[in-house]
K.L.:
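I have a structure here, written as structure tokens, and I will follow up with some questions on it.
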Amino acid sequence: MSLLDRVRGLMGKSGGTAAAGPSHECTHASLTPHWDDSADMGDETKASAFICNSCQERLTPAEAGWARKRAVEQLRR
């Protein structure tokens, strides 16, 4: 979402051992919405897809909802 989130995502990719292994699974904690129609922009309920700022994976709105719920659960632990 913000420049700081993008920088953190790039730092995680570039150098640490945690992000280097194939066993690392992205939590999709920071998602950016994308819309097909410019008239819908700003309303996340009308977003056609969400892009993870860490791994750049494209998620459907349903997948993004589940990813956000998992991220909140991990923060509670």
K.L.:
Give the other cluster members for Ile51, using side-chain heavy-atom distances under 4.5 Å between Ile, Leu, Val, Met, Phe, Trp and Tyr residues; answer none if it is isolated.
P.N.:
none

K.L.:
Could you give the distance from CZ (Phe50) to CD (Glu57), rounded to the nearest 0.5 Å?
P.N.:
14.0 Å

K.L.:
What do the steps show when you test Val72 against Arg68 for side chain to side chain contact (heavy atoms under 4.5 Å, CB included), and what is the final call?
P.N.:
CA-CA 6 Å; Val72 167; Arg68 286 181 173 165; 5.6 Å; no

K.L.:
Locate the shortest heavy-atom distance separating Ala47 from Pro61; write the atom from each residue and the value.
P.N.:
O-CG, 3.4 Å

K.L.:
Taking atom CD of Gln56 and atom OG1 of Thr32, what is their separation to the nearest 0.5 Å?
P.N.:
8.0 Å

K.L.:
Between Arg70 and Glu73 (salt bridge meaning N to carboxylate O under 4.0 Å), is one present in this structure?
P.N.:
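Result for this pair is no, no salt bridge flagged.
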
K.L.:
In Å, rounded to the nearest 0.5 Å, how long is the span from CE of Met41 to CG of Asp36?
P.N.:
11.5 Å

K.L.:
Under the side chain to side chain donor-acceptor pair (under 3.5 Å) rule, collect the residues that match up with Asp43, sequence neighbours excluded.
P.N.:
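So Asp43 forms a side chain to side chain donor-acceptor pair (under 3.5 Å) with Thr45.
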
K.L.:
Can any side-chain N or O of Ser48 pair as donor or acceptor with the backbone N or O of His34 at less than 3.5 Å?
P.N.:
yes

K.L.:
At their closest point, which heavy atom of Leu59 faces which heavy atom of Glu63, and how far apart are they?
P.N.:
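Nearest pair, atom of Leu59 first, then Glu63: CA-OE1, 3.4 Å.
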
